[in-house]
Amino acid sequence: MENNIRVRFAPSPTGALHIGGVRTALYNYLFARKTGGTMVLRIEDTDQTRYVPGAEAYIQEALDWAGIQLDESPWTGGPYGPYRQSERKEQYLAYAQQLIEAGHAYYAFDTPEELEAMRERLWAARVANPQYDSLSRMQMKNSLTLSQEEVAARISSGEPYVIRFKMPRKEEVRLHDIIRGWVMVHTATLDDKVLMKSDGWPTYHLANVVDDYLMKITHVIRGEEWLPSAPLHVLLYKALGWEAHMPKFAHLPLILKPDGNGKLSKRDAEKQGFPIFPLEWIDPLSNEKVAGFREEGYLPEATVNFLAFLGWSPGTNDELFTMEELIEIFSLERIGKAGTKFDIDKAKWYNQYYLRKRPDAELAGMLQEQLDKLEVGYEAEMVHKVALEIKERAVFPKDLWKDGAVYFIRPARYDQDVAAKKWNAEAQNIISQFAQAVEDDAQALTAERAKDLLQQVLDKNNVKIGRVMQAVRLALTGVGSGPDLMNMIEIIGREETVLRLRQAVHHLHVTP
RNA sequence: GCUCCGUUCGUCUAGUGGUUAGGACGCCAGAUUUUCAUUCUGGUAGCAGGGGUUCGACUCCCCUACGGAGUGCCA
């Protein structure tokens with residue numbers, strides 16, 4: 001380890017990991033690798049009521065798919081484990097008590113109903129900032145207002161309590177964010193956040209600060225939604241006496257919905273028909289299914305490249321980078337401040353580029369996979385030729401099948417619009433003669449030879465090629481568009497070509 | 001409501017006082033082609049508004065507008 005840079009990605013296992021989470025993980029990873037630091041993953045599962053089975057496995061699989069490697073995690077282990085907050089539960093209370101002893105926190109016994117009543121009262125009194133804070137806490141039931149004896153009695157009697165942070169009344173909190181610069185907040189606007197819940201678990205704020213400290217995290221790179229609570233975290237570091245070990249912060253811009261405004265949500269994905277999750281996910285509780293980048297045919301390298309540029313740019317005109325290259329040029333300072341709209345067209349463009357970059361054999365394999373799945377018969381050699389023929393047209397692996405199907409399956413019907421426009425007596429005549437010529441020909445049926453034969457027929461009948469090509473296409477494929485026809489003839493072979501041409505002549509009728 | 005953050009082509013962005021405001025996606029057009037797609041070439045389109053500061057503002061400051069996030073015993 002050349003230096004001590006340590007970053008963490010700290011997801012909560014409450015469902016499928018959002019694509020924004022993948023980006024956060026990616027930025028952490030790029031920064032860690034770039035600086036020779038360490039990438040840590042910590043599971044933040046302090047809310048027992050929100051735990052969703054399978055979510056943790058999903059996180060692991062999604063990061064693995066994206067190529068984001070973890071140096072320390074629940075799965076890889078590491079010197080600062082355990083890496084699940086649920087497995088570190090015992091430690092948090094002691095830190096909360098340390099804060100109480102130092103006068104930075106206190107016990108509170110208010111019931112949910114009493115809290116609600118307080119908010120309503122404050123609201124009715126038109127208090128600018130109705131919350132449990134330095135102003136209102138003296139009206140509440142806590143160790144600041146109750147006698148020491150009563151507090152002790154309540155606790156020993158088993159009455160539920162929380163521990164709240166005692167927000168200073170008048171203090172200016174300054175925090176430096178790598179992306180945003182200095183951010184100043186006055187403590188008078190902040191509330192007394194709960195640190196320990198009545199169920200004995202810590203809240204995010206406490207657990208996060210304690211674990212980041214214990215795990216020696218040097219840079220906290222997380223979403224912008226955490227910015228408002230960052231001042232609290234700074235105060236926590238100070239109150240715990242860890243100011244010297246406070247990590248640097250970088251709050252990432254949010255990923256917004258493509259149209260209109262607001263955070264990208266599951267609803268947008270459904271409405272617009274594109275995924276916003278890395279992997280497909282079926283919610284174990286609702287059985288609801290959401291689409292994943294992987295299942296939709298997005299390649300990991302395309303997804304990573306796309307995600308990297310959602311809020312960051314290298315400052316040059318280049319935008320095609322592999323993970324290795326991203327690591328080379330990434331820097332926190334070049335992350336933008338403004339929210340970023342999710343542009344699926346750009347993702348498709350990346351996908352097309354990376355799909356084409358895959359070796360031909362791999363593309364053939366993708367096509368073969370789909371043929372197998374659909375139980376379509378084929379010869380291995382032909383699959384390779386077809387893949388080569390259609391790779392330029394594909395954005396997703398599934399397009400390989402979409403455009404490749406005509407090579408493997410004889411047309412069962414013919415596009416009527418194309419037939420009406422292009423199929424006529426002249427074309428039918430030429431195609432009949434062409435079929436015969438192909439059948440009678442003794443030479444190997446290459447694309448070139450096929451073209452020669454067609455040209456000979458055309459010359460004999462004094463017809464220009466443009467007048468019949470669409471009809472030939474219709475005869476061979478049943479549709480009006482597709483890849484090069486002569487190459488197709490070479491690929492499907494003499495017998496199939498003749499068969500298809502004659503079938504078309506037989507089935508298609510000339511409209512008078 | 002309050003706090004914080006933000007605002008360059010439709011979208012992602014470059015730009016750190018003097019530029020014809022650059023690139024990419026998308027879109028449009030042309031070329032190529034047996035069609036569609038690809039490819040190539042070209043085009044379209046932007047500094048939210050108003051005040052300052054300055055010889056000079058997209059760049060610095062202030063205000064307004066608009067947008068976003070947070071405001072839970074959720075993370």
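Every chain is numbered from 1 and lettered A, B, ... according to where its sequence line falls, protein lines coming before strand lines.
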What is the distance, to the nearest angstrom, from the CD1 atom on A:Ile390 to the C1' atom on B:rA37? 12 Å
Could you give the distance separating B:rC61 and B:rG68 at their P atoms, to the nearest angstrom? 25 Å
Between A:Arg334 and B:rU16, does any side-chain N or O lie under 4.0 Å from OP1 or OP2? no
Could you please name the option among B:rU3, B:rC4, B:rG6 that lies closest to any side-chain atom of A:Val183? B:rC4
If you measure from the C1' atom in B:rC25 to the same atom in B:rU20, how many Å do you get, rounded? 24 Å
Is it the case that the ring center of A:Tyr298 lies less than 6.0 angstrom away from the ring center of A:Phe306? no
For the residue pair A:Phe330 and A:Tyr27, does the interplanar ring angle fall in the parallel (under 30°), tilted (30 to 60°) or perpendicular (over 60°) class? tilted
What integer number of Å spans the C1' atoms of B:rU44 and B:rG30? 15 Å
Which nucleotide, in any strand shown, forms a Watson-Crick or G-U wobble pair with B:rA21, with both distances under 3.5 Å? none
Is it the case that the ring center of A:Phe277 lies less than 6.0 angstrom away from the ring center of A:Tyr58? no
Whole-Å distance, A:Lys348 NZ to B:rC25 P, equals 15 Å
At less than 4.0 Å, is any side-chain N or O atom of A:Thr340 found next to OP1 or OP2 of B:rU13? Yes or no. yes
How about A:Gln455 and A:Asp459: does a side-chain donor come under 3.5 Å of a side-chain acceptor? yes
Is there a Watson-Crick or G-U wobble partner for B:rA65 with both distances under 3.5 Å, and which nucleotide is it? B:rU7
Which nucleotide, if any, forms a Watson-Crick or G-U wobble pair with B:rU32, using both distances under 3.5 Å? none
Just by distance, with hydrogens left out, do A:Gln433 and A:Asn461 show a side-chain donor and acceptor under 3.5 Å apart? yes
What distance, rounded to whole Å, do you find between the two P atoms, one in B:rA31 and one in B:rU13? 36 Å
Quick check for you: among B:rG26, B:rU11, B:rC4, whose closest atom lies nearest to any side-chain atom of A:Lys341? B:rU11
Using a 4.0 Å heavy-atom cut-off across all strands, classify A:Lys346 as base, sugar-phosphate, or nothing. base
Rounded distance in Å - OH (A:Tyr353) to P (B:rU38): 17 Å
Rounded to whole Å, the CD-P distance (A:Glu389 to B:rC36) equals 17 Å
Both distances below 3.5 Å, Watson-Crick or wobble geometry, any strand: find the nucleotide opposite B:rU71. B:rG1
Please evaluate the base of B:rU38 for a donor-acceptor partner in the side chain of A:Arg393 within a cut-off of under 3.5 Å? no
So what does A:Gly482 touch, heavy atoms closer than 4.0 Å: a base, only the sugar-phosphate, or nothing? base
Going by heavy atoms in the side chains, are A:Val173 and A:Met184 under 4.5 Å from each other? no
Pick the P atom in B:rC62 and in B:rG26, then give their distance to the nearest Å. 40 Å
Using whole Å, report how far CG of A:Asp345 lies from P of B:rU11. 13 Å
What nucleic acid atoms does A:Arg180 come within less than 4.0 Å of, heavy atoms only: base, sugar-phosphate, or nothing? sugar-phosphate
What is the separation between atom CG on A:Asn351 and atom P on B:rG26, rounded to the nearest whole Å? 13 Å
Side-chain contact, heavy-atom cut-off 4.5 Å: A:Arg358 with A:Tyr354? no
May I have the distance from A:Leu485 (atom CG) to B:rC36 (atom P), rounded to whole angstrom? 13 Å
Any side-chain to backbone donor/acceptor pair from A:Arg180 onto A:Leu227? Under 3.5 Å, distance only. no
Any chance CD of A:Glu448 has more than 12 other-residue heavy atoms, nucleotides or ligands included, within less than 6.0 Å? no
Atom-to-atom span, CG of A:Leu320 to C1' of B:rC12 - whole angstrom: 14 Å
Protein proximity profile, nucleotides 63-75 of chain B - base contact B, sugar-phosphate-only contact S, no contact -, cut-off 4.0 Å on heavy atoms: ----SSSS-SBBB
C1' spacing across the pair B:rU16 / B:rU8, given as an integer number of angstrom: 14 Å
Give A:Gly311 one of three labels, base, sugar-phosphate or nothing, depending on what nucleic acid heavy atoms sit under 4.0 Å from its own. sugar-phosphate
With rounding to whole Å, what would you report as the distance between B:rU59 and B:rG46 at their C1' atoms? 15 Å
Quote, to the nearest angstrom, the P distance that separates B:rC9 from B:rA48. 7 Å
List the steps, then state whether side-chain hydrogen bond (donor to acceptor under 3.5 Å, both in side chains) holds for A:Arg88 with A:Gln85. CA-CA 5 Å; A:Arg88 330 178 109 237; A:Gln85 290 185 327; over 6 Å; no
When A:Leu310 and A:Gly466 are each assigned the nearest nucleotide of RNA chain B, the 5'-most assignment goes to A:Leu310
Under a 3.5 Å cut-off for both distances, is B:rC27 Watson-Crick or wobble paired, and to whom? B:rG43
